Q: 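Questions regarding the structure given below will be posed in turn.
From a predicted model like this one, the values you see are computed outputs, not experimental measurements.
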Amino acid sequence: MDFKAVLRSGQCRPGVFVLEGVRKVEEKRVVFYGRVSTHSDEQLSAFENQMTWYHQLLTQHPEWTVVGQYEDAGVTGTSVRKRKGFQQMLDDGIRLHKYDLIVTRETKRFARNTVDALSYVRLLKQNGIEVFFVSDSIQTISDRDGELRLSIMATIAQEESRKVSENVRAGQRISRQKGVLRGNGNILGYRRVGKNQFEIDQEQAAVVKKIYKWYLEGKGIRVIKEKLEEEGYKTATDKSHWNYQVIANILSNPFYTGIQQQLVRVSDGYLTQRRVKNDQDKIEYMKGNYEPIISEETFQEVRRIREKRYCKITGKGKKESKNVWCKIYVCSCGCGTVRRGSGDGESIFLCYSQHVYGEKRKSKVPEEQYRCGMRTVLEWKLDMIAYYVINYIWKEQESDVKRALEIIEECYEDKTVLGIQELEAIKNRIHKLEKRKQGLMDMRADGEITKEEFAVRKNQCQQEIHKLNLSVAESAETNQPSVSKKTEGLKKALEKVADLSGPKLNKGIIEAFIWKMVHISDNEFDLYLKTGKRIFRNTEWEETIISHREFCYPPANRQEKIKRSELKAMSFTYEDAVRYRKMSHKKVIRNKWEDLIVHIYLFNPI
C-alpha cells in the first residue's frame with residue numbers, strides 16, 4: 001500500500017496509521033498525579049503504592065511517554081490552595097504545554113470538591129489536556145458522558161469529606177468534655193511532659209513574669225520588646241528576636257492563670273478549610289491541672305489596661321497623653337480633642353471628629369452627625385484661661401500651703417517623740433538584763449543552780465543584751481536631720497507645685513481644680529470646677545447633660561447628667577492676653593485677637 005498516498009488523500013489523521021485493518025494510536029506525553037491526606041506511615045505507604053501502581057499501568061499503554069510525576073503528601077483534597085504539586089502540574093500543562101494527558105487513580109485523588117474537580121477539568125480540556133481517572137474509567141475528552149460521571153464521583157468524594165469533617169469535630173468536642181488540653185505545648189513558661197500535662201519552666205516563667213510586671217509599670221509592647229532583646233531573653237522557640245504579636249499574645253493568654261482557651265480559631269468550612277477567628281461568645285474555657293504563673297488579679301488588671309489603651313478606629317494601641325488638656329478639654333459635639341503642632345512652634349487642639357472625618361465644610365462624609373465645624377484653639381489660650389481662673393478662685397494659696405506644711409511637721413514630730421520613747425524602753429530593758437545576770441552569778445555562788453543551768457541562762461541574757469545594744473548603736477549612728485531640715489525639701493516641692501505666678505500651671509493643680517472645659521462656640525467656653533465633698537449653702541443648682549462621643553465608628557453617644565451652678569462669667573481681652581504672654585516673652589497679634597468668654601460653673605455629679 002502507498003502510505004504517502006493515503007496521507008495525501010486525508011483518509012488518515014496525523015499520528016494514526018492504518019495498515020491492513022490495524023490501527024496504531026498516536027503517542028501521548030503523560031504525567032502521573034498522586035495524593036494522600038496525612039503524613040502518617042500508613043498513608044505514606046499507600047502513596048508509594050499509588051506511584052508503583054502507575055508504573056505498572058504504564059506497561060499496558062505502550063503509546064504513553066511519561067514526562068513527569070506530581071505528588072501532594074499530607075494535604076487535603078477539598079481545596080487546591082495548599083496543594084503545591086497540583087498547582088505546579090496545572091502550570092506546566094496549561095502555560096508550558098509539557099504534557100497531553102494526566103493519569104490519576106480515582107476522582108478523590110484529583111479533588112474532593114465538586115466545583116474544583118469540574119472547573120479544573122474544563123480548564124485543562126480547553127487547553128487540549130485530558131484527565132484519565134483509571135479506577136472510575138473516566139476519560140474527560142474521549143468519553144462523551146465523562147463530565148457527567150465525573151460530577152457524580154466528585155459529589156460522592158465531597159460528601160465523604162463532609163462526613164469525615166463532622167466525625168473529627170465530634171471527636172474534638174468529646175475530648176474537650178473530658179478535659180483534654182489541645183495544642184502543641186510550645187508555650188513560653190511551660191514544658192509539655194505528657195499528653196495532657198504541663199510543668200513550669202522556671203527560666204521561661206521568669207520572662208513571662210517580667211513581661212507582665214513591665215506592662216503594669218506602664219511600659220508599652222514596643223518598649224518591652226526592646227528590653228527583652230537588650231537583656232538577651234529568648235522566645236519559646238529559642239529565638240533572640242521578639243515579635244510584637246508574640247508579646248501581645250502572652251499578655252492576653254489566660255493559659256498563664258490556669259485556664260486554656262479552646263476554639264479561638266476554627267475552620268470556616270470543610271471545603272476551604274481556612275483558619276479564622278471564632279466569635280467571642282463561642283470560645284470555650286477549660287480549667288487546666290497545671291500550676292499557673294500569673295495570678296487572676298494581675299491578668300485582669302493587664303486586660304483592663306490593654307482595653308483602655310486600645311483604639312477602636314485604628315485597631316492598634318494608643319498611648320495615653322501626658323498633656324492635661326487631652327483629658328479635660330472637650331468639644332461641644334461630645335468628642336475629645338487631639339493635640340497637634342503648628343508651624344510657628346505652638347500647639348493647637350482640634351476636635352477628634354474633625355481629625356478623623358475632616359472639617360464640616362470640607363468633609364466628604366455623608367452623615368451630618370459625624371462632622372464638626374468647631375474652630376481649633378491654641379494651647380496657650382487654654383493655659384491662660386486656667387491661669388486667670390485658678391488665681392481668681394484660689395486666693396488663700398499661701399495660707400493653705402503653710403497649713404499643709406504645719407500638718408506635715410506635726411506628723412514628723414509625733415514620729416520622732418515615739419522614737420525617743422522606744423529608745424528609753426530599750427535602755428531600761430538592758431539595765432534589767434544586767435541585773436538578772438548578776439543575780440544568776442549570786443545563785444551559782446550559793447549553789448542554788450547547777451553549772452550547766454547557769455551557763456544556759458547566762459548565755460540567753462548576753463545574747464538579748466547584745467541585740468539591744470546593736471539597736472541603740474544603730475540609732476546613735478544614724479545622724480538624722482532635724483524636723484525642720486526634713487520638711488525643707490517638702491516645703492520647696494509643695495511651693496513649686498502650688499506656684500500660681502508662672503504662665504504654665506502645674507498639671508496636678510489644673511486637674512485638682514478643673515473637671516471639664518467644654519468648647520461651646522468659637523470663642524466661648526464652659527469651665528466646670530470640682531467641688532469635692534464641700535457643701536455650698538444657698539446655692540442654686542440646675543441639672544444639665546454633658547454629651548460624650550466614643551472614639552469608634554460609628555461614634556457611640558453617651559450622656560452624663562450633672563448638677564451645676566454658675567459662679568461667674570469671665571471675659572479675656574487683648575490686654576489680658578498681652579499681660580499673660582509677656583511672662584513667656586511672647587507677643588499677641590492685635591488684628592488676629594478675638595475676646596474669649598468663659599462661663600465658670602461649680603460641678604456636682606448626680
Q: Test of understanding: with side-chain hydrogen bond (donor to acceptor under 3.5 Å, both in side chains), list the residues that count as partners of Lys213, not counting sequence neighbours.
A: Glu217
Q: Side chains of Pro503 and Tyr387: does their closest heavy-atom pair fall under 4.5 Å?
A: no
Q: Test Tyr212 against Val302 for side chain to side chain contact (heavy atoms under 4.5 Å, CB included), laying out the working first.
A: CA-CA 7 Å; Tyr212 274 82; Val302 167; 3.6 Å; yes
Q: Go through the steps for Tyr528 and Val518 under the test side chain to side chain contact (heavy atoms under 4.5 Å, CB included), then give the verdict.
A: CA-CA 8 Å; Tyr528 294 88; Val518 183; 4.0 Å; yes
Q: Tell me if a side-chain donor or acceptor on Tyr256 pairs with a main-chain N or O of Ala205 at a distance below 3.5 Å.
A: no
Q: Output, in order, the C-alpha distance, side-chain angles, deciding distance and verdict of side chain to side chain contact (heavy atoms under 4.5 Å, CB included) for Ile562 and Tyr601.
A: CA-CA 11 Å; Ile562 65 166; Tyr601 294 93; over 6 Å; no
Q: Should Val598 and Phe572 count as side-chain neighbours, where that means a heavy-atom distance under 4.5 Å?
A: yes
Q: Around atom CD of Glu453, are there more than 12 heavy atoms of other residues, nucleotides or ligands at under 6.0 Å?
A: yes
Q: Is Arg306 close to Ile221 at the side-chain level, that is, under 4.5 Å between some pair of heavy atoms?
A: yes
Q: Using every non-hydrogen atom in the two residues, find where Ala569 and His599 come nearest and quote the distance to one decimal.
A: CB-ND1, 4.0 Å
Q: How long is the span from the NZ atom in Lys458 to the CD1 atom in Ile449, to the nearest 0.5 Å?
A: 11.0 Å
Q: Rounded at 0.5 Å granularity, tell me how far CE in Met384 sits from CG in Leu382.
A: 9.0 Å
Q: If you measure from CG on Leu433 to CD on Gln463, what distance do you get to the nearest 0.5 Å?
A: 12.0 Å
Q: So, do Asp383 and Tyr580 sit near enough that their side-chain heavy atoms are less than 4.5 Å apart?
A: yes
Q: Could you report the tightest heavy-atom contact between Met583 and Ser501, atom names first, then the distance?
A: SD-O, 3.5 Å
Q: For the CG atom of Asp576 and the OH atom of Tyr388, what is their distance to the nearest 0.5 Å?
A: 5.0 Å
Q: Heavy atoms only: give me the nearest Gly189-Ile293 pair and the separation to one decimal.
A: O-CD1, 3.6 Å
Q: Just wondering, do Glu434 and Lys437 contact through their side chains at under 4.5 Å, heavy atoms?
A: yes
Q: Of all heavy-atom pairs between Ile514 and Ala386, which one has the smallest distance, and what is that distance?
A: CD1-CB, 4.3 Å
Q: So do Glu379 and Asn323 actually touch side chain to side chain, heavy atoms under 4.5 Å?
A: yes
Q: Answer whether the closest heavy-atom distance between the side chains of Val389 and Phe513 falls below 4.5 Å.
A: no
Q: Tell me which pairs pass side-chain hydrogen bond (donor to acceptor under 3.5 Å, both in side chains) where either residue lies in residues 225-235, with sequence neighbours left out.
A: Arg222-Glu226, Lys225-Glu229, Glu229-His241, Glu231-Tyr233, Thr235-Thr237
Q: May I ask you to decide if Asn249's main-chain N or O and Asn253's side chain share a donor-acceptor pair within less than 3.5 Å?
A: no
Q: If I compare all heavy atoms of Ala236 with all of Ile187, which pair ends up nearest, and what's the gap?
A: CB-C, 4.3 Å
Q: How about Met441: does its CE atom have over 12 heavy atoms from other parts shown lying under 6.0 Å from it?
A: no
Q: What's the verdict on salt bridge (charged side-chain N to carboxylate O under 4.0 Å, His left out) for Glu307 and Arg304, showing C-alpha distance, side-chain angles and the deciding distance?
A: CA-CA 5 Å; Glu307 289 175 353; Arg304 186 190 66 78; over 6 Å; no
Q: Atom CG in Leu527, atom CD1 in Ile520: separation rounded to 0.5 Å?
A: 11.0 Å
Q: Is the His519 ring parallel, tilted or perpendicular to the Phe525 ring (thresholds 30°, 60°)?
A: parallel
Q: So does Lys467 pair up with Glu464, basic N to acidic O under 4.0 Å?
A: no
Q: Quick check: do Cys333 and Met374 have side-chain heavy atoms less than 4.5 Å from each other?
A: no
Q: Give a yes or no on whether the backbone of Phe349 and the side-chain of Thr337 come within a donor-acceptor separation of less than 3.5 Å.
A: no
Q: Ile393 and Leu567: side chain to side chain contact (heavy atoms under 4.5 Å, CB included), yes or no, with the steps?
A: CA-CA 10 Å; Ile393 297 296; Leu567 185 68; 3.6 Å; yes
Q: Could you state the interatomic distance from CG (Leu602) to NZ (Lys530), rounded to the nearest 0.5 Å?
A: 14.0 Å
Q: Does Arg581 make a cation-pi contact with Trp380, if we ask for NZ or CZ under 6.0 Å from the ring centre and within 45° of the axis?
A: yes
Q: Does the separation of the ring centres of Phe255 and Tyr190 fall below 6.0 angstrom?
A: yes
Q: Closest heavy-atom contact between Asp526 and Arg564?
A: OD2-NH1, 3.8 Å
Q: Side chain of Asn459, backbone of Ala455: donor and acceptor closer than 3.5 Å?
A: no
